[in-house]
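First up is the structure itself, then whatever we jot down about it.
Sequence lines set the chain letters: A, B, ... in the order given, protein chains first and strands last, and positions in each chain run from 1. The shown structure was predicted, so the numbers you read here are calculated from the model rather than taken from an experiment.
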Amino acid sequence: MRVRIAPSPTGDPHVGTAYIALMNLVFARQRQGRFVLRIEDTDRSRFVAASEQMIFDALHWLGLDWDEGPDVGGPYGPYRQSERTELYRRKVDELLAAGRAYRCFCTPERLEEMRRAQMAAKLPPRYDRHCRGLRGEEAQARVAAGTPFVVRLAVPESGATTFRDELRGDITFDHHQVDDQVLMKSDGYPTYHLANVVDDHEMQITDVIRAEEWISSTPKHVLLYQAFGWALPRFWHMPLLRNQDRSKISKRKNPVSLVYYRQAGFLPEAMVNYLGLLGGGMPAPSAEAKDAERFAFAEMVEKFQFERISLGGPVFDLEKLRWLNGVYLRRLTPEEFFAAVRGGPLADDYLRAICPLAQERIETLGQFFDLTDFFFRDEVLPPAETWVPKKRDAAAARKMAAQIAERLEAGDWTQEPLDAGLRALAAETDWSAKEVFMLLRAVVTGKTASPPLLESLVVMGRARSLARLRRFLDLTK
RNA sequence: GGCGCCAUCGUCUAGCGGCCUAGGACGUCGCCCUCUCAAGGCGAAGACCGCGGGUUCGAAUCCCGCUGGCGCUACCA
């Protein structure tokens with residue numbers, strides 16, 4: 001039995017990744033299987049260099065350790081897709097030779113226009129197979145001429161693909177509904193669909209446990225397995241974590257970064273416990289067992305049943321997570337609690353980063369926390385008079401705060417880009433840079449006087465800073 | 001729009017044809033404890049099991065339709 005998680009290094013490690021990782025790990029440990037970590041870094045445009053290490057750190061923090069992966073190696077490496085491009089190229093050639101895939105020379109412009117026309121005609125947007133009939137020689141000629149191309153899957157013109165989802169039973173997709181998916185991009189990198197199938201096969205993955213959002217692309221994957229003549233893995237599609245409004249969980253509506261949860265002082269055991277609670281899976285709590293909802297990873301391995309999972313997507317309830325974390329905190333011994341505080345809010349590297357910001361601004365050490373309290377507190381809410389600039393109203397300030405949040409989502413979290421982003425925002429509006437900075441300072445620190453704003457933001461980190469902004473927007477709604 | 005998945009208290013869930021006048025947990029409210037706040041104890045409100053048809057002696061549980069929610073519909077994963 002072999003399972004895997006395949007995160008993409010495109011940003012902060014995601015709580016959904018942790019959820020799927022937990023499910024995979026429990027599955028593997030229950031069946032003496034191996035748990036593989038594979039980095040799916042085939043999208044160059046969204047690649048974030050620091051992200052991979054952050055994913056490693058976050059998963060290790062949660063204790064969700066893998067048996068094989070880019071950092072620990074293993075018999076099926078390399079475990080980073082960008083290091084396997086040669087393999088994908090070979091496999092694509094096989095598909096091409098067998099007529100199961102074809103080269104497509106359509107320009108992005110043509111594709112876009114085609115989609116527009118289809119939308120206008122109220123037709124489902126799908127590739128019109130313009131290049132599918134291209135003769136071998138003609139295609140060769142265009143390749144020789146240096147025309148950029150992608151490789152698409154040749155989906156059968158008729159029929160249907162049925163596959164078994166272990167939690168839902170058979171699922172059927174008519175081939176008319178399946179697009180001729182791009183397998184290899186014009187930059188020579190594979191898309192998820194190709195790389196994922198090739199790697200799952202090469203790495204001998206027996207059970208694909210992933211999020212529900214993949215159900216509709218599974219027929220493409222099945223078609224690929226068949227084209228290669230490979231045996232199918234079992235598919236387990238887990239319910240999708242949701243926001244309060246039931247949409248797919250997103251950073252706009254929830255703290256979604258594992259960095260945030262760590263930084264905000266959640267204990268990894270509580271986090272894992274809470275994730276294990278979502279979607280069911282654990283046996284029904286008996287009337288006597290009052291604290292049946294509290295369990296450790298080992299207990300999950302012992303009792304979790306995948307067949308029990310309820311398929312309705314669970315709302316990620318921060319309130320309940322907080323309560324559970326409180327339960328865990330209270331159960332620590334005094335010594336453990338002390339260690340937790342020292343390793344969390346008072347962690348050396350965090351304190352060390354904060355100290356220079358305070359040193360020249362205080363006269364006694366006693367003032368240290370008066371000045372820097374916002375680094376350690378979550379519930380910062382400035383009184384209106386501090387965040388509404390003179391001559392403006394609360395609605396306008398709120399709107400600006402929302403724009404700031406949006407602006408800060410993207411870009412590196414270092415002083416220069418933060419500064420540039422905020423100043424650019426001011427320039428685009430009738431706000432002065434000073435007003436923008438003051439508003440953000442009030443929101444983040446809760447006061448009008450603080451250590452330097454930008455430096456403080458950098459120390460506090462993106463996830464926590466943005467969480468604070470979103471909380472502000474929430475509370476002033 | 002097309003296709004697919006899903007559907008029990010506000011939220012997470014138990015329930016897998018009779019044990020259900022639907023159980024537990026979070027949250028909410030009240031009482032107790034108490035110098036405050038928590039924690040803890042006790043209790044309450046909260047779900048006509050989305051709606052409508054079947055099947056059955058009997059349905060939250062099985063079937064069909066509807067509605068609703070969500071996902072996918074990219075040279076992103």
### Query
Which nucleotide, B/C75, B/G24, B/C5, lies nearest any side-chain atom of A/I215?
B/C5
### Task
Considering only atom C1', compute the distance from B/G4 to B/U8 and round it to an integer number of Å.
24 Å
### Query
Of all the nucleotides listed (B/U73, B/G69, B/G15), which has the minimum atom distance to the side chain of A/R242?
B/G69
### Query
Counting any heavy atom closer than 4.0 Å, what does A/P108 reach on the DNA or RNA strands: base, sugar-phosphate only, or nothing?
base
### Query
Quantified in whole Å, what is the C1' atom distance between nucleotide B/G46 and nucleotide B/U13?
15 Å
#### Entry: Atom pair distance, as rounded to whole Å: CZ in A/F295 and P in B/A25
15 Å
#### Entry: Shortest side-chain distance from A/R330, nucleotide among B/C26, B/A74, B/G40
B/G40
#### Entry: Whole angstrom value for the distance that separates P of B/G71 from CG of A/L241
13 Å
### Summary
Per ring-ring contact (aromatic ring centres under 6.0 Å, His included), A/W214 is matched among A/Y192, A/F235, A/W236 by A/Y192
### Query
Does B/A74 have OP1 or OP2 sitting under 4.0 Å from an N or O in the side chain of A/K185?
no
### Query
Between B/C75, B/A77, B/G4, which one does the side chain of A/S186 approach most closely?
B/C75
### Task
Identify which nucleotide among B/C5, B/A14, B/A77 has an atom closest to any side-chain atom of A/Y192, counting heavy atoms from C-beta outward.
B/A77
### Message
We want to know whether A/T162 and A/D170 form a side-chain donor-acceptor pair, criterion being a heavy-atom distance below 3.5 angstrom.
### Response
no
### Task
Show your reasoning for whether ring-ring contact (aromatic ring centres under 6.0 Å, His included) applies to A/F376 and A/F374.
CA-CA 5 Å; A/F376 309 96; A/F374 66 93; 8.6 Å; no
### Query
So does A/R152 get a side-chain nitrogen or oxygen closer than 4.0 Å to the phosphate oxygens (OP1/OP2) of B/A74?
no
### Query
Does A/R29 make a cation-pi contact with A/F27 (under 6.0 Å, within 45 degrees of the axis)?
no
### Check: A/T191 side chain, B/C75 base, donor-acceptor under 3.5 Å
no
### Message
Considering every strand and a 4.0 Å limit on heavy-atom distances, what is the contact class for A/P314: base, sugar-phosphate, or nothing?
### Response
sugar-phosphate
### Summary
In whole angstroms, the gap separating C1' of B/U73 from CD of A/E212 amounts to 16 Å
### Task
Between B/C3, B/C75, B/A77, spot the one nearest the side chain of A/F173, thanks.
B/C3
### Message
When you measure from the side-chain N and O atoms of A/T42 to the phosphate of B/A77, is any distance below 4.0 Å, counting only OP1 and OP2?
### Response
yes
### Query
A/S247 has a side chain; which of B/G27, B/C75, B/G71 sits nearest to it?
B/G71
### Message
Using a 4.0 Å heavy-atom cut-off, does A/V182 contact any base of the nucleic acid, only the sugar-phosphate backbone, or nothing at all?
### Response
sugar-phosphate
### Query
A/R115 side chain N/O closer than 4.0 Å to the phosphate oxygens (OP1, OP2) of B/C75?
yes
### Query
So which nucleotide from B/C6, B/C75, B/G24 ends up closest to the side chain of A/L311?
B/C6
### Query
Yes or no on salt bridge (Lys or Arg N to Asp or Glu O under 4.0 Å) for A/R38 and A/D200, after CA distance, side-chain angles and deciding distance?
CA-CA 10 Å; A/R38 184 174 69 224; A/D200 281 348; 2.9 Å; yes
### Message
Is the positively charged end of A/R152 above the ring of A/Y127, judged by distance under 6.0 angstrom from the centroid and angle within 45° of the axis?
### Response
yes
### Task
For the side chain of A/W214, starting at C-beta, report the closest nucleotide among B/U11, B/A14, B/A77.
B/A77
### Query
Could A/R142 and A/F105 be counted as a cation-pi pair, given that NZ or CZ must be under 6.0 Å from the ring centre and within 45° of the axis?
yes
### Query
So what does A/G326 touch, heavy atoms closer than 4.0 Å: a base, only the sugar-phosphate, or nothing?
nothing
### Query
Roughly how many Å is it from CD in A/E109 to P in B/C75, rounded to a whole number?
12 Å
## Note on the structure
Between CD1 of A/I309 and C1' of B/U13 the distance, given in whole Å, is 13 Å
### Query
Reckon A/R210 touches a base, only the sugar-phosphate, or nothing at all at heavy-atom distances under 4.0 Å?
nothing
### Message
Determine whether a donor-acceptor pair (one donor, one acceptor, N or O, separation below 3.5 Å) exists between the side chain of A/Q177 and the base of B/G4.
### Response
no
### Message
Quick check for you: among B/G4, B/G40, B/A77, whose closest atom lies nearest to any side-chain atom of A/E213?
### Response
B/A77
### Query
So does A/R246 get a side-chain nitrogen or oxygen closer than 4.0 Å to the phosphate oxygens (OP1/OP2) of B/A7?
no
### Task
To the nearest Å, give me how far apart CE (A/M238) and C1' (B/C5) are.
14 Å
